[in-house]
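Read through the structure below, which is laid out as structure tokens, and then see the notes.
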Amino acid sequence: MTLRIAALAAAALIPATPALADALVDNVQGVALDEQGRTVRFTGILIDKQGKVVRLLKDGEKRPERPDWRADMKGGIAIPGMIDAHGHVMDLGFRALQLDLFDTRSLDEALEKLRVYAAANPNARWIIGGGWNQERWGLGRFPTAAELDAVVGDRPVWLGRTDGHAGWANSAAMREAGVTAATKSPAGGRIEKGAGGRPSGVFVDAAMALIQDKVPQPTPRERAQAFLKAQDALLSMGVTATADMGTTTDDWLTYRQMGDTGNLRVRIMSYAANIGPALAVGGAGPTPWLYDDKLRMGGIKLYTDGALGSRGAWLKADYADKPGERGLGFLTDAQLKNLMTRGAMDGFQIAVHAIGDRANQQVLDAIDELSETYGGDRRWRIEHAQVIEMKDLPRITQHTTIASMQPVHQTSDREMAEARLGPARLDGAYAWNTILKAGGRMAFGSDYPVENPNPFVGWAAAFTRQDPAGQPAGGWRVQDAVTREQAWRFFTTDAAYAGFAEERFGTLAPGKRADFLIVDRDPTQAAPEALRETQVLETWVGGQQVWRRQ
């Protein structure tokens, strides 16, 4: 990541600005989008006692004579807070507390980081971490338990792949989990095998539970610590609201603890990790908004397949680079419709992870059928929608369906996607503009910690189709780039709409929460490489300053 959580020495969480007062944030060079997606400029923000925008003030417009307080921004550039439509809050925090392999560029580098981490944590019964990516390493295969054993053999090691859809275990972890050559791959999962049919150390999708279920669970104190790490990272990057895709009951209790103690500063649109947590938390339906619009469980997250990187994405035809393999379908058609029905009947919004073209077809089929019963403004969500067969793509514009997509996946996956899919299936891959031109609705996020949560990196990727190194020249399949303004809207107003929050935040407009940033450059004018390097100087949520760069 361009800004690592563990390296935020230059940043600090600061005491909140006095609330419940009529306020004037003045002397800004403000730029925002109105509700029609047009750029508006302003020089001041008038905020009421509830932390909502009263109006945006233009240059020369009369200011109130005696506001309760006034903040002079000395010409700083103000923009709306950014919204991540798909992230994993607690995973981001735990990544900061565990062994982080996200930045490693080779297997040897990852093993060296493991060696150093193990030596620094001699009392840890398990070594837990994640972020590895054999494609980024250029390994050409999955790593093995034997390679971990050579570094740490005396205690279990369990390391998640960067996409969260595979895990890498050493022999001690497999012994503790009772995994042997006789262990069968579970439905929706795959145990990678080596010589003699013995598990090689990598477990894909549902098979991950064989090891994961033996990992010691974090304590409430560790959960609180992880949340604060994640929140600080998000606020430092200008993310004032995020969808949390896969909230467990324990996660929800952590968020409630943070809210009850006044430590919840980022807004969380929570999507339960399947039906169980939704019913445990919401009971008969979505929760109300809590803590001045900072927390609500309004939806349920389901999975239909895995990811391209681990060949778990469910495809209609074989993987181009592995004949005979089509990925993993997690649910039958009937199972998916039953789960979606159970959530929809109680008014929860349904968000379904689908990456492969077969998985996307399955979700679109289910939406078509269920929309006959569950009408109205449902806003069915397809999370990722990465590979869609062109004949299926127009269907995503129906039934108020939202394609929740992540621009940084395209820049990270480009070469791997070409190898996995071959040229015939690329037309419907990461097809943002094609969806948009067909009349579809989108919301953008990052899928952190799978990818960099910095929204300015994703914003630049969306209209260039290039990675931070400017590759490939001219952009990859640039016909599916969106405009700079469209990308901004998908990271703000439309990301709020995707979470049924557009009446509360997402734009700087009268009656909406005053969530905004002070940044070091005008993102509407910066070149793509400069946009990626945007520095957030201050983050304000609900008219209160909640983060400031030191």
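Values below: all heavy atoms of this structure, side chains included; hydrogens, waters and symmetry mates excluded.
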> Any donor and acceptor pair, going by atom type alone, linking the side chain of Q231 with main-chain N or O of V266 inside 3.5 Å?
Replying inline: yes

> How many angstroms lie between CD in E176 and CD1 in I211, if you round to the nearest 0.5 Å?
Replying inline: 9.5 Å

> Do D251 and T254 get their side chains close enough for a donor-acceptor pair, meaning under 3.5 Å?
Replying inline: no

>> Would R136 and F102 count as a cation-pi pair here, with the cationic atom under 6.0 angstrom from the ring centre and within 45° of the axis?
In response: yes

>> Between L234 and D84, does the side-chain contact (heavy atoms from CB on, under 4.5 Å) criterion hold? Intermediate values first, please.
In response: CA-CA 9 Å; L234 293 171; D84 194 308; 5.7 Å; no

> Relative to each other, are the rings of H353 and H165 parallel, tilted or perpendicular (30° and 60° limits)?
Replying inline: tilted

> Does any donor atom in the side chain of Q349 or Y271 lie under 3.5 Å from an acceptor atom in the other side chain?
Replying inline: yes

> How many angstroms lie between CZ in F94 and CZ in R223, if you round to the nearest 0.5 Å?
Replying inline: 5.0 Å

> Q479 and N433: which non-hydrogen atoms are nearest, and at how many Å?
Replying inline: O-ND2, 3.2 Å

>> When you compare the side chain of Y430 with that of R465, does any pair of heavy atoms fall below 4.5 Å?
In response: yes

>> Can a side-chain donor-acceptor contact be found between Q486 and W432 if the only test is distance below 3.5 angstrom?
In response: no

> If you measure from the Lys or Arg side-chain nitrogens to the Asp or Glu carboxylate oxygens, is any gap between R115 and E112 under 4.0 Å?
Replying inline: yes

>> Tell me the closest heavy-atom pair linking P199 and M174, and the distance in Å.
In response: CB-SD, 3.8 Å

> Going by distance alone, is a donor N or O of one side chain under 3.5 Å from an acceptor N or O of the other, for T434 and D480?
Replying inline: yes

> If you draw a 6.0 Å radius around NZ in K316, do more than 12 non-hydrogen atoms from other residues or ligands fall strictly inside?
Replying inline: yes

>> Do the side chains of D427 and R477 get close enough for a salt bridge, i.e. N-O under 4.0 angstrom?
In response: yes

> For the residue pair F330 and Y303, does the interplanar ring angle fall in the parallel (under 30°), tilted (30 to 60°) or perpendicular (over 60°) class?
Replying inline: tilted

>> Once rounded to the nearest 0.5 Å, what's the spacing between atom OG1 of T304 and atom CG of L328?
In response: 11.0 Å

> Looking only at side chains, do T104 and W137 share a donor and an acceptor under 3.5 Å apart?
Replying inline: yes

> Quick one: does D392's side chain have a donor or acceptor within less than 3.5 Å of a partner on I388's backbone?
Replying inline: no

> Would you say the side-chain atoms of D305 pair up with the backbone N or O of I355, donor to acceptor, closer than 3.5 Å?
Replying inline: yes

> Are S404 and E383 linked by a side-chain donor-acceptor pair shorter than 3.5 Å?
Replying inline: yes

>> For the CG atom of N170 and the CD1 atom of I127, what is their distance to the nearest 0.5 Å?
In response: 8.0 Å

> So, for H409 and H86, is the gap between ring centers shorter than 6.0 Å?
Replying inline: no

>> Just verifying a value: how many Å separate I382 CD1 and Q362 CD, rounded to the nearest 0.5 Å?
In response: 11.0 Å

>> Rounded to the nearest 0.5 Å, what separates atom CD in E135 from atom CG in D413?
In response: 9.5 Å

>> Under 4.0 Å between a side-chain nitrogen and a carboxylate oxygen: does that hold for R395 and D365?
In response: yes

> Between R161 and E192, is there a salt bridge with N-O shorter than 4.0 Å?
Replying inline: no

>> Just by distance, no angles: are the side chains of N133 and T162 close enough, under 3.5 Å, to form a donor-acceptor pair?
In response: no

>> Heavy-atom count check: over 12 atoms from other residues, nucleotides or ligands less than 6.0 Å from E109 CD?
In response: yes

> Does one side chain, of T242 or Y448, offer a donor that lies under 3.5 Å from an acceptor on the other?
Replying inline: yes

